[in-house]
Amino acid sequence: MAVTEAARTEVLCVQAAAAADASGGTVAAGRAAQELGLKRGEFELAVHLGFVRTTAELAGGRPRVGCGEIDRLRSEDGFPDAVRARVRTVGTAEGAHLLGISPVRFTRLARAGCITPVTFYLNRYRAVVWLYLAREVLDFAARAPQLLAGNSPVWMRARLDAGTDWRARNWRAQRIERLLSRTEDPWRRAAVLAGALDPVQLAEVVDDPYERAHLAKVRPEPVFGPPGSVAAREAMAQLMQADDPDEILWRRITLIMELDGARASRQAPRPGDDHRPVPVPVPVSVSDPGTEPLLDPAPGLLARLGLRRRVTGHGTAGNGLPTKTVE
């Protein structure tokens, strides 16, 4: 006999209740996704967008979802379709179809920064395929219908003619802001910003190796942990790193500001921190041999940013985007 949807839901509720009793009224992310009728990627996106609230993770553990939060979502009108609609994503072809334009024009709009991707995946050729929230695509059409037909405005043509592609940068900025909105802990906030700098840039701003180790430890991870494949982890790491000089400078400044607050609240842990001072490992040199000293050795903003007289000494090699991107 086929199991009805009602019976299946009842079984899930009973199992979730048992799990909640054993863990203080919360369930694991996988169980929560199952109860909400969401696929793994949909649930992860719902958490990232703030539609599903998670509890603070325990030391070394993953975030969990409160039973009350599950009940709240299940009681909403239109469940479960309404929940799925909020995290529905579309690629270039489907997004173009929603707007009634060609995929080429949709790609031009995205590259010019008019539409911001919310996530991505790697296809079989390990090329980045950007995905967009369907509701944001429709919102854009309502806001700027003049961009859907006729000639592109001058500013847009200038960006595209210069070879500009704002998709990764806008995705990165949006992701950072959403991660920052999910935590008030100053060290976790600094860790989010530190993730936008490559190791060389980060070492120039945060010269204490113990602080860098702490930032890496408390950096927020997806609710299901890092991507399973090595290629996906590498792509995520590359896409998260700022690659424009002005963006790099802005991330340096904001990181310094967050670090000031973090250091004022508490120091990063280090061996023997109950009996300081302690020996500190020699930091890895991040400058080329023969690089001239800082203009001002005082702890001013320029010095703390790691800006040196020979401004061409540090490029952005090693933190660029994956070489292949699906339009």
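FYI, the numbering just counts along the sequence from 1.
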Contacts of [X] that satisfy salt bridge (Lys or Arg N to Asp or Glu O under 4.0 Å) - sequence neighbours left out:
| X | result |
| --- | --- |
| Asp246 | Arg169 |
| Arg72 | Glu69, Glu76 |
| Asp81 | Arg84 |
| Arg189 | Glu258 |

Taking side chain to side chain contact (heavy atoms under 4.5 Å, CB included) as the definition, give me every residue that meets it alongside [X], ordered by chain and number, with sequence neighbours left out.
| X | result |
| --- | --- |
| Ala173 | Arg251 |
| Glu136 | Leu133, Gln174, Arg178 |
| Ala144 | Phe140, Gln146, Leu147 |
| Ala194 | Leu202, Leu215, Arg219, Leu255 |

If you define the side chain from C-beta out and look only at heavy atoms, does anything of [X] sit under 4.5 Å from [Y]?
| X | Y | result |
| --- | --- | --- |
| Leu109 | Ile101 | yes |
| Thr107 | Arg167 | yes |
| Arg31 | Gln34 | yes |
| Val52 | Phe43 | yes |
| Pro220 | Arg182 | no |
| Val118 | Thr89 | yes |

Shortest non-hydrogen contact between [X] and [Y], atoms and distance:
| X | Y | result |
| --- | --- | --- |
| Trp187 | Ala268 | CZ2-N, 3.6 Å |
| Tyr210 | Pro271 | CE2-CD, 3.4 Å |
| Ala112 | Trp155 | O-CZ3, 4.1 Å |
| Arg263 | Val206 | NH2-CG1, 4.5 Å |
| Ile115 | Pro117 | O-CD, 3.7 Å |
| Pro186 | Ala262 | CB-CA, 3.5 Å |

Practice problem: Output, in order, the C-alpha distance, side-chain angles, deciding distance and verdict of side-chain contact (heavy atoms from CB on, under 4.5 Å) for Val137 and Phe106. | Solution: CA-CA 10 Å; Val137 171; Phe106 186 93; 4.1 Å; yes
Is there a continuous path of hydrophobic side-chain contacts, each under 4.5 Å between heavy atoms, that joins [X] to [Y]?
| X | Y | answer |
| --- | --- | --- |
| Met236 | Leu122 | yes |
| Val104 | Leu99 | no |
| Trp250 | Leu239 | no |
| Met156 | Trp166 | no |

Quiz prompt | Over 12 non-hydrogen atoms of neighbours within 6.0 angstrom of CZ in Arg175 | solution = yes
Quiz item: For Phe120, which residues count as a ring-ring contact (aromatic ring centres under 6.0 Å, His included) partner, sequence neighbours excluded?
Solution: Trp130, Trp171
Exercise. Please name all residues satisfying ring-ring contact (aromatic ring centres under 6.0 Å, His included) with His48, sequence neighbours left out, ordered by chain then number.
Key: none
Quiz item: Would a distance-only check, ignoring hydrogens and angles, find a side-chain to backbone donor-acceptor pair under 3.5 Å from Asp244 to Glu247?
Solution: no
Practice problem: Keeping the roles fixed (side chain from Glu42, backbone from Lys39), state whether a donor-acceptor pair exists under 3.5 Å. | Solution: yes
Practice problem: Could you go through the side-chain contact (heavy atoms from CB on, under 4.5 Å) check for Phe51 and Val83 one step at a time? | Solution: CA-CA 8 Å; Phe51 299 153; Val83 176; over 6 Å; no
Quiz item: side-chain contact (heavy atoms from CB on, under 4.5 Å) between Glu177 and Leu180: does it pass, once the steps are laid out?
Solution: CA-CA 5 Å; Glu177 288 304 314; Leu180 289 176; 4.2 Å; yes
Once you round to the nearest 0.5 Å, how far does [atom1] of [X] lie from [atom2] of [Y]?
| X | Y | atom1 | atom2 | value |
| --- | --- | --- | --- | --- |
| Cys67 | Arg74 | SG | CZ | 11.5 Å |
| Arg86 | Leu45 | CZ | CG | 11.5 Å |
| Arg108 | Arg105 | CZ | CZ | 7.5 Å |
| Leu73 | Glu35 | CG | CD | 11.0 Å |
| Ser181 | Leu49 | OG | CG | 10.0 Å |

Quiz item: Which residues pass the side chain to side chain donor-acceptor pair (under 3.5 Å) test with Arg88, sequence neighbours left out?
Solution: Glu94
Exercise. Go through the structure and list residues passing side chain to side chain donor-acceptor pair (under 3.5 Å) with Arg266, not counting sequence neighbours.
Key: Asp185
Quiz item: Are a donor atom and an acceptor atom from the side chains of Arg64 and Thr26 found within less than 3.5 Å of each other?
Solution: yes
Exercise. Step by step, work out the side-chain contact (heavy atoms from CB on, under 4.5 Å) result for Phe79 and Leu36.
Key: CA-CA 8 Å; Phe79 176 86; Leu36 295 175; 4.0 Å; yes
Self-check item: N-O pairing of Asp243 and Arg172 below 4.0 Å
Solution: yes
Quiz item: Hey, is Arg270 close enough to Glu211 for a salt bridge, meaning N to O under 4.0 Å?
Solution: no
